[in-house]
Structures are given as structure tokens and as C-alpha cells.
Amino acid sequence: MAAITDVPIYVTKGELDLRLRNIDDKITHQGTRTDERLISMERLFDEKLARIELIFEKTIANQEKIASDMRAEISDIRGDVKALSAKVDAMQMKFGWYLTLFGVGVGAVLALFQLLIK
């Protein structure tokens with residue numbers, strides 16, 4: 001059984017031109033919309049990137065400030081350590097002299113004791 005259709009076997013040149021024009025218009029419209037979307041996405045990415053760069057710059061500036069403060073504190077601590085080291089050296093010198101004088105004193109006492117015993 002053969003199906004009977006109302007579709008003509010041929011298409012007129014005017015209909016073909018109209019259909020091709022519609023297809024071209026759709027393609028052009030979709031291309032335009034795609035371009036608009038890409039431009040919009042590019043703008044959005046540029047804005048986000050600019051915000052991220054600003055945040056990074058602020059963070060880096062903050063970290064540099066913290067590092068500078070820490071360097072100053074370390075310098076102060078080094079100065080304090082040098083001062084303490086000088087004090088310890090002075091105390092060692094005093095202790096050494098006191099120990100020497102004590103030794104000389106004990107030696108003198110022993111020498112006197114030896115002389116008195118004989």
C-alpha cells in the first residue's frame with residue numbers, strides 16, 4: 001500500500017529562497033546572541049579578575065606591613081639579647097674576680113695557718 005501525501009514533490013524557487021533566508025536569519029540571530037553572551041561573560045570575568053587582583057594587592061600590602069612590624073620587633077629583641085649578653089659577660093667577669101680573690105684569700109689563710117702551726 002502506498003501512502004498518499006499532500007506534500008508536493010518539488011519546491012518553488014521563491015519558497016526555497018524564503019526558507020534559506022529564514023535559516024540564514026536564525027543563524028545570524030544565534031551568532032549575534034552568542035557574541036553578546038561571550039562579550040557579557042568576558043566583562044563579568046574582567047570584573048571578577050579586577051576584584052580578585054584588588055583583594056590580592058590589599059592582602060599583600062597587609063602581609064608586608066606585618067612583616068615590617070615583625071622585623072622591627074626582631075631587631076628590638078636582638079638589641080635586648082645583646083644587652084643581656086653584655087650583662088652576663090660582666091657578671092661572669094665579676095664572678096671570676098671574686099672566685100680568684102676567694103682563692104687567694106683561702107691560700108693566704110692556709111699559708112698563715114701553716115706558719116702558725118710550725
Side-chain angles (χ1 to χ4, degrees):
M1 263 201 300
I4 302 174
T5 59
D6 293 337
V7 179
I9 296 174
Y10 64 94
V11 177
T12 64
K13 184 171 179 1
E15 271 184 55
L16 182 61
D17 288 341
L18 183 63
R19 288 184 185 179
L20 287 175
R21 209 172 310 128
N22 284 340
I23 291 171
D24 284 343
D25 289 345
K26 285 181 184 177
I27 290 172
T28 303
H29 180 67
Q30 288 177 353
T32 304
R33 287 187 59 194
T34 302
D35 290 344
E36 289 172 357
R37 287 179 186 158
L38 288 174
I39 290 169
S40 174
M41 287 174 55
E42 187 176 317
R43 280 189 205 132
L44 180 64
F45 287 146
D46 288 343
E47 289 173 7
K48 296 293 182 183
L49 183 61
R51 286 166 73 193
I52 289 171
E53 286 175 349
L54 181 65
I55 290 170
F56 278 151
E57 288 173 2
K58 286 181 181 178
T59 303
I60 289 171
N62 190 20
Q63 294 299 324
E64 287 176 352
K65 181 182 177 283
I66 291 171
S68 175
D69 292 345
M70 289 177 73
R71 282 187 201 107
E73 290 176 6
I74 289 171
S75 178
D76 291 344
I77 290 172
R78 284 183 180 156
D80 292 344
V81 168
K82 286 180 183 178
L84 286 174
S85 177
K87 286 182 181 180
V88 167
D89 288 342
M91 287 177 64
Q92 285 177 341
M93 288 293 288
K94 282 183 183 179
F95 182 73
W97 282 111
Y98 291 146
L99 188 60
T100 302
L101 290 177
F102 179 72
V104 169
V106 168
V109 168
L110 286 175
L112 284 174
F113 185 69
Q114 287 286 332
L115 290 174
L116 293 177
I117 289 181
K118 287 188 184 181

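Positions are given from 1, in the same order as the sequence printed here.
The residues E47 and R43 are annotated as not salt-bridged, no charged nitrogen and carboxylate oxygen being separated by less than 4.0 angstrom.
Summarising the geometry, atom CZ belonging to R78 is positioned 11.0 Å from atom CZ belonging to R71; distances are rounded to the nearest 0.5 Å. In this structure, OG1 in T32 is found 10.0 Å from CD in Q30, a value given to the nearest 0.5 Å. Expressed to the nearest 0.5 Å, how far CZ of F95 lies from CG of L99 amounts to 5.0 Å. Once rounded to the nearest 0.5 Å, the distance linking CG of L20 with CG of D25 reads 11.0 Å. One finds the CE atom of M93 at 9.0 Å from the CG atom of D89 (value rounded to the nearest 0.5 Å). Atom CD1 of residue I117 and atom CG of residue L110 lie 9.5 Å apart, to the nearest 0.5 angstrom.
A side-chain contact (heavy atoms from CB on, under 4.5 Å) with R21 holds for exactly one of I23, D17, D24; it is D17.
A donor-acceptor pair under 3.5 Å links the side-chain atoms of T59 to the main chain of I55, judged by distance alone.
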